[in-house]
Every structure is written in C-alpha cells, then in structure tokens.
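Worksheet: the structure to be examined is printed underneath.
Values below: all heavy atoms of this structure, side chains included; hydrogens, waters and symmetry mates excluded. A note on names: the letters A, B, ... follow the listed sequences, proteins ahead of strands, and every chain is numbered from 1.
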Amino acid sequence: MKFSKSARLLKTSDYDYVFQAPIKIHQPLATLYARSNNLKHARLGLLVSKRALRHAVARNRVKRLVRESFRLHGAQLKDYDIIFVARAALLNADNASITTGLAQMWEKIR
RNA sequence: AGAGUCGGCCAGACAAUCGCGGUCUUAAGUUUUUUUUAAGACGGAGGAAAGUCCGGGCUCCAUAGGGUAAGGUGCCAGGUAACGCCUGGGGGGCGCGAGCCUACGGAAAGUGCCACAGAAAAUAUACCGCCCCUCAAGAUUUAUCUCGCGGGGUAAGGGUGAAAUGGUGCGGUAAGAGCGCACCGCGCGUGAGGCAACUCACGUGGCAGGGUAAACCCCACCUGGAGCAAGGCCAAAUAAGAUCGGAUCCUGCGACCCGUAGGCGAUCUGGGUAGGCUGCUUGAGGCAGUAGGCGACUACUGUCCCAGAUGAAUGAUUGUCCUCGACAGAACCCGGCUUAACGGCUGACUCGUUUU
RNA sequence: GGCUGGGUGGCAGAGUGGUCAUGCAGCGGCCUGCAAAGCCGCGUACAUCGGUUCGAUUCCGUUCCUAGCCU
C-alpha cells in the first residue's frame with residue numbers, strides 16, 4: 001500500500017479529535033491512541049518527543065520504522081485514526097523487536 | 001623495523017524487491033487556475049548538519065545620523081565581505097628533534113587590594129643581629145675582655161611569606177653598602193638591519209625603585225537595534241471598556257541626550273483568531289587550468305547546477321563480501337571556532353638502532 | 001529554529017578573591033517513667049573541565065544539566 005499525505009494526520013484539529021475519546025493501548029515501547037474516523041482508510045500520526053528520545057537520529061529511526069510498519073499493515077486497520085506516542089524504551093530496542101512489537105499493537109486495535 | 005610530528009582525503013560496498021519527499025515531461029480528471037492520480041527520467045543529509053561561542057549577508061525598524069554610556073578586541077604585518085578566524089614574522093615557554101603552546105598594550109596618569117605570618121606588603125622601615133662612641137660596673141694579663149643604659153651607623157647574615165628594593169665575584173670599610181671595579185641583567189642615548197613588532201653593536205647611567213589591569217582604569221581600534229517564529233501577500237473570526245496625552249504633547253527610538261520623521265495615538269483589562277502561499281535556495285558556489293604570492297589568499301579563463309522538507313522526506317527486508325561499520329540528521333544562507341568520534345588511505349618530515 | 005536566565009549539603013536558601021552562614025531533615029548525648037518540645041554536639045556542599053592569580057565558589061573561557069520567552 002502507498003503511504004501518501006492522505007494517510008497521515010496533518011492538522012492540530014485531527015489530533016484533538018483523536019485525543020477527545022481515544023482507545024488506548026499501552027506497551028513498554030509506546031502508547032497508541034486510536035479513534036474511528038468517517039473515512040474509508042486509516043490514518044497515522046506520530047508523536048516522538050525530545051523528552052523521550054534525545055537525539056535526532058534516534059527520533060528519525062523510530063518514525064521511519066513506524067511508518068514502514070503502518071504501510072505494510074495499514075490495510076487491515078479499517079478506518080481508525082491512530083496516534084503513536086513514543087517512550088524512552090525505544091532507545092535501546094533494535095529494529096526487529098520494534099517491528100514485532102508494532103505488529104502486535106496493530107493486531108490489538110483490530 | 002620501531003618511536004614520533006604536521007597536513008590532505010574517505011566515512012562500509014554491491015544487487016534485488018517494496019516505499020518516502022523534490023524538479024521536469026507525458027497522460028487522465030477538473031469550466032479555468034489551484035489541486036489529485038498514474039507512468040518515466042534526474043537527482044535527495046554532515047565532517048562535524050551539533051553547541052549557538054564569534055563574524056557577515058538578507059529582512060524590518062529612518063537612508064542607520066552625532067555625542068555620552070555600555071560591551072568587545074589587544075606584540076607586528078598581511079589575508080578576508082567580516083571576525084575573537086587564518087597566514088607569515090617577533091618575544092616568552094616546552095621538547096634531543098621534526099614541531100607545539102602562548103588574553104603577549106600600559107603599573108614614573110590616578111585610585112583600590114595584597115588574608116595568615118613577618119620588623120616592614122610600599123611616602124618604606126629595623127625584630128634577632130653586626131659595628132662605632134659616651135657613661136657605669138666587673139674581671140684580670142693595666143689595656144684588653146665581658147655585660148648594661150644612652151646616642152649613632154648598617155642592610156652583609158638569620159627568620160616570615162606567593163612576593164622583601166638588582167645577581168655573582170673581587171676590592172673596600174669600624175661594620176657595611178653600586179661605595180668602586182669586572183661580567184650578567186635593567187634603563188637611557190646613538191648607529192645599523194627590518195614596512196613594523198623587534199634584533200644587533202657601541203656608549204652611558206649606578207638601578208629606576210614589589211605584585212595585581214581575566215580589579216577600577218588609561219591608550220588604540222571596533223560595535224545602531226531586532227531577528228526567517230524577520231518580513232510580505234491572501235483568507236477567516238470577535239465585544240468592548242478604562243486611563244493618559246493632545247503641540248512646553250505623544251510616538252518611531254527598547255540605555256540616555258541631541259537631532260530628525262510622523263501626527264492621532266499610547267498603555268492596561270477583557271474577548272477573538274492563529275489556516276494557506278511566499279521568503280526558499282545561483283551562492284563572498286563547486287571543479288579544472290594558467291598567473292601572482294614564502295603562505296593565508298587573489299585575479300583571469302573554461303565548465304557544472306549539486307537537498308529544499310513544513311507533523312517535516314534517505315528507510316525496510318533479503319542475499320553476498322570485507323577490515324564487521326564510530327560520532328551523529330539540513331530547517332534562511334555563508335565564513336570560522338569549540339565539542340563528539342570507530343577506523344582506513346596517503347604525502348612531507350624528525351629521532352634513533354642495525355645492515356650495506 | 002531563534003533568544004534569555006540559573007546550577008551552593010538529603011531539601012530550602014544567603015554569601016562573596018583569603019577553606020561557605022542559617023533553617024528543616026539525619027545521627028549521637030542530656031532532660032523524661034516513656035515520648036514531644038528544649039539544650040549540646042557531629043557529619044554531609046559551591047555542576048564539569050581548563051585558564052588568570054600567591055590563592056577561585058566568586059574573575060574569564062569550554063562542556064553538561066535545567067528553566068523561561070517568541071508560534
């Protein structure tokens with residue numbers, strides 16, 4: 001599947017919409033907030049703060065991995081808006097464990 | 001072969017598949033523009049992109065003016081758009097050496113400070129001492145010694161301290177002292193070399209009179225303020241009230257004054273909006289050659305276009321190879337500095353051992 | 001992204017070129033039948049690395065951490 005701009009949360013109002021009544025999923029690596037939208041596909045928003053991961057290289061790595069995983073699994077996620085909030089444990093996790101952790105989280109949302 | 005010094009370059013490689021953002025072309029959709037989708041081509045993070053410590057461009061404030069204040073720089077010359085940077089030279093320090101380090105103006109313009117210890121910490125002074133003289137006492141070898149009061153000389157020695165008023169030696173003296181002499185250091189003058197910092201030589205003075213200027217300060221030079229969240233354009237939204245001043249006033253002007261421009265605004269409380277476009281990458285640009293210069297660098301010619309995102313693009317998986325991959329991610333743009341860091345390649349040079 | 005400020009014991013918080021107050025907390029003792037209060041005593045600090053200075057928490061640079069402002 002493609003991952004163009006229509007599959008991302010772009011505006012502050014989009015984020016506010018999700019945070020008003022979210023489904024929360026907690027894991028050591030990250031927290032997911034999800035809420036059903038009225039579109040026919042899922043959308044992804046990223047929230048990777050400097051407080052969680054200090055170095056820009058680490059933040060970019062996490063964002064790339066999440067986007068890639070969402071691209072591969074997004075078709076199964078129906079019409080949810082999902083916000084990914086990073087946590088500090090991601091710093092020491094390798095790529096494979098992050099990918100498998102994300103797959104489990106997508107599974108929970110469905 | 002070993003030990004070391006200085007500089008330059010690189011920043012895992014290749015392949016396949018699936019993706020991300022940019023530019024261009026073509027096609028589809030749209031009344032048109034914008035925009036969306038699809039295909040193809042081209043290119044897509046760094047040597048530090050980092051810290052924001054300096055300097056500049058750019059934008060707005062007036063075209064960026066004058067003075068004071070404040071801040072910065074500080075051996076000399078050059079380079080540069082500019083610099084607190086770089087290059088070359090000088091002084092000082094370190095190293096056998098190649099080489100490295102260096103906030104390195106002024107303390108006889110003035111003010112301040114120098115704890116404790118010490119006699120004294122800056123107009124000098126004299127604690128223990130040393131020496132001379134007067135007086136008195138004692139001893140005896142009767143002109144010497146010892147001790148004490150008083151007057152004077154001295155800064156050699158001791159002791160304190162981070163620091164004590166040139167150093168060493170000889171002469172000299174009652175004891176001493178730049179008191180005299182030699183050498184060294186220092187100041188001044190003249191001459192020579194050098195653009196200069198400075199160096200050298202000669203003469204002369206008899207010692208200037210502690211340290212601290214990353215204490216105030218003096219001297220020379222430099223600096224107007226704010227920062228792309230600057231600034232410009234389009235669109236949307238809301239509710240007003242109070243105070244002050246209205247030409248000896250207010251604002252631009254955010255250290256102050258002058259000067260200048262404009263003139264109905266200024267401040268506070270409350271309420272509302274905060275979406276898009278632009279600025280946005282052709283530049284003090286890269287590469288090559290020639291010429292000038294010890295060098296930093298500059299000039300000319302030719303050639304190339306090399307990220308431009310905006311919830312923010314470089315990734316994932318698999319395979320092969322090796323030395324098994326560090327530090328780390330552009331956000332207006334450049335020039336430096338500083339800090340982080342696994343290694344590899346290469347050039348020039350130094351030391352020292354052996355062999356020829 | 002840009003611009004400002006601050007780091008002093010376990011906590012709060014003064015200070016300034018000459019070895020850093022004070023309060024709370026902690027520990028020990030006195031007092032008490034036991035505690036509380038009170039009294040006496042003790043220990044523990046100038047973020048880091050360099051430089052200037054005889055001497056630095058203070059002055060000057062570097063780094064690290066932390067807070068705030070501009071949308």
Side-chain angles (χ1 to χ4, degrees):
Chain A
M1 132 178 205
K2 297 282 183 184
F3 182 62
S4 60
K5 283 195 177 181
S6 61
R8 307 180 192 181
L9 296 178
L10 295 173
K11 298 185 179 179
T12 311
S13 55
D14 296 336
Y15 281 81
D16 288 342
Y17 174 78
V18 175
F19 280 122
Q20 274 168 13
I23 306 163
K24 298 179 193 172
I25 297 176
H26 294 284
Q27 280 219 337
L29 293 178
T31 303
L32 287 193
Y33 294 82
R35 187 181 183 184
S36 141
N37 58 22
N38 292 322
L39 305 171
K40 300 203 166 158
H41 54 83
R43 297 191 297 177
L44 177 69
L46 294 170
L47 221 162
V48 185
S49 67
K50 254 185 193 175
R51 197 173 289 272
L53 298 169
R54 278 195 54 219
H55 293 286
V57 169
R59 288 198 297 275
N60 282 345
R61 179 174 71 103
V62 168
K63 288 193 272 190
R64 284 169 186 150
L65 286 168
V66 175
R67 284 201 200 99
E68 178 71 14
S69 178
F70 180 81
R71 188 176 67 82
L72 296 173
H73 298 88
Q76 318 159 14
L77 293 173
K78 301 177 193 164
D79 59 347
Y80 282 105
D81 279 354
I82 298 169
I83 296 176
F84 174 93
V85 180
R87 307 183 67 177
L90 286 163
L91 185 62
N92 296 317
D94 58 356
N95 288 5
S97 60
I98 292 175
T99 308
T100 55
L102 283 167
Q104 292 169 11
M105 293 165 93
W106 305 138
E107 194 73 20
K108 277 192 181 178
I109 287 177
R110 275 200 293 139

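- Atom OH of A:Y80 and atom CG of A:L32 lie 12.5 Å apart (nearest 0.5 Å).
- The gap from the P atom of B:rG231 to that of B:rC332 amounts to 15 Å, rounded to the nearest Å.
- Glycosidic conformation of B:rU281 is syn; the angle stays within 90° of 0.
- In this entry B:rG65 has B:rC258 as its Watson-Crick or G-U wobble partner, both defining distances falling under 3.5 Å.
- Note: CZ (A:F70) to C1' (B:rC20) measures 14 Å, nearest angstrom.
- Atom CD of A:E68 is separated from atom P of B:rA313 by 14 Å (rounded to the nearest Å).
- For B:rU68 and B:rA230, the C1' atoms lie 31 Å apart once the distance is rounded to whole Å.
- When rounded to the nearest whole Å, the span between CG of A:L46 and C1' of B:rA313 equals 13 Å.
- A glycosidic torsion no more than 90° from 0 defines the syn conformation; B:rA340 lies beyond that range and is anti.
- Looking at A:S69, its side chain never comes within 3.5 Å of a backbone N or O of A:V66 through a donor-acceptor pair.
- Atom pair A:L47:CG and B:rA312:C1' shows a separation of 14 Å (rounding to whole Å applied).
- One C1' atom belongs to B:rA115, the other to B:rC6, and the distance between them is 48 Å to the nearest Å.
- Going from atom NZ of A:K63 over to atom P of B:rU310 covers 13 Å, rounded to whole Å.
- The side chain of A:R67 contributes an N or O atom lying less than 4.0 Å from OP1 or OP2 of B:rA312.
- Base pairing in RNA chain C yields stems of at least 3 consecutive Watson-Crick or G-U pairs, both distances under 3.5 Å, namely C:1-7 with C:64-70, C:10-12 with C:22-24, C:26-30 with C:38-42, C:49-51 with C:59-61.
- Taking atom P on both B:rG7 and B:rC101, the two are 8 Å apart, rounded to the nearest angstrom.
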Under 3.5 Å, which protein N or O atoms sit close to an N or O of nucleotides 328-330 of chain B? Give each pair with its distance.
residue : atom : partner : partner atom : Å
B:rG329 : OP2  : A:A56   : N            : 3.3
B:rG329 : OP2  : A:V57   : N            : 3.4
B:rG329 : N7   : A:N60   : ND2          : 3.1
B:rG329 : O6   : A:R64   : NH1          : 2.9

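- Between A:N95 and A:I83, the residue anchored nearer the 5' end of RNA chain B, judged by the nucleotide with its closest heavy atom, is A:I83.
- Annotated as anti: B:rC94, whose glycosidic dihedral deviates from 0 by more than 90°.
- In this structure, the ring-ring contact (aromatic ring centres under 6.0 Å, His included) partners of A:Y33, at least two apart in sequence or on a different chain, are A:F19.
- Here B:rG315 presents its P atom at 16 Å from CG of A:L72, a figure rounded to the nearest Å.
- Base-pair partner of B:rG178: not found among the strands shown (Watson-Crick or G-U wobble, both distances under 3.5 Å).
- Nucleotide B:rC149 forms a pair with no other nucleotide shown, judged by Watson-Crick or G-U wobble geometry with both contacts under 3.5 Å.
- Pair check for B:rC195 finds none; no Watson-Crick or G-U wobble contact set falls under 3.5 Å.
- Comparing the C1' positions of B:rC58 and B:rC280 gives a spacing of 12 Å, expressed to the nearest Å.
- B:rA163 makes up no base pair with any nucleotide shown, lacking Watson-Crick or G-U wobble contacts both under 3.5 Å.
- Salt-bridge check for A:R43 with A:D81: passed, with a basic side-chain N closer than 4.0 Å to an acidic carboxylate O.
- Nucleotide B:rG118 is matched to nothing when pairs are restricted to Watson-Crick or G-U wobble geometry with both distances under 3.5 angstrom.
- Across all strands shown, B:rU17 is found opposite B:rA316 as a Watson-Crick or G-U wobble partner, with both distances under 3.5 Å.
- Applying the 90° criterion around 0 to the glycosidic angle, B:rA247 comes out syn.
- The nucleotide B:rA38 finds its pairing partner in B:rU26, both defining distances of the Watson-Crick or G-U wobble pair being shorter than 3.5 Å.
- Straight-line distance between the C1' atoms of B:rG265 and B:rC250: roughly 7 Å, to the nearest whole Å.
- Between A:A103 and A:H73, the closest heavy-atom pair is CB-NE2, 4.2 Å.
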Next item on the list: I would like to know whether A:R67 and A:L46 meet side-chain contact (heavy atoms from CB on, under 4.5 Å); could you show each step before the answer?
Entry: CA-CA 9 Å; A:R67 284 201 200 99; A:L46 294 170; 3.9 Å; yes
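- With rounding to whole Å, A:H73 atom NE2 is found 12 Å from B:rA316 atom C1'.
- To the nearest whole angstrom, the two C1' atoms, one in B:rG166 and one in B:rG187, are 12 Å apart.
- Glycosidic conformation at B:rG187 (O4'-C1'-N9-C4 for purines, O4'-C1'-N1-C2 for pyrimidines): anti, more than 90° from 0.
- Note on A:L65: only backbone sugar-phosphate atoms sit closer than 4.0 angstrom, heavy atoms only; bases stay farther off.
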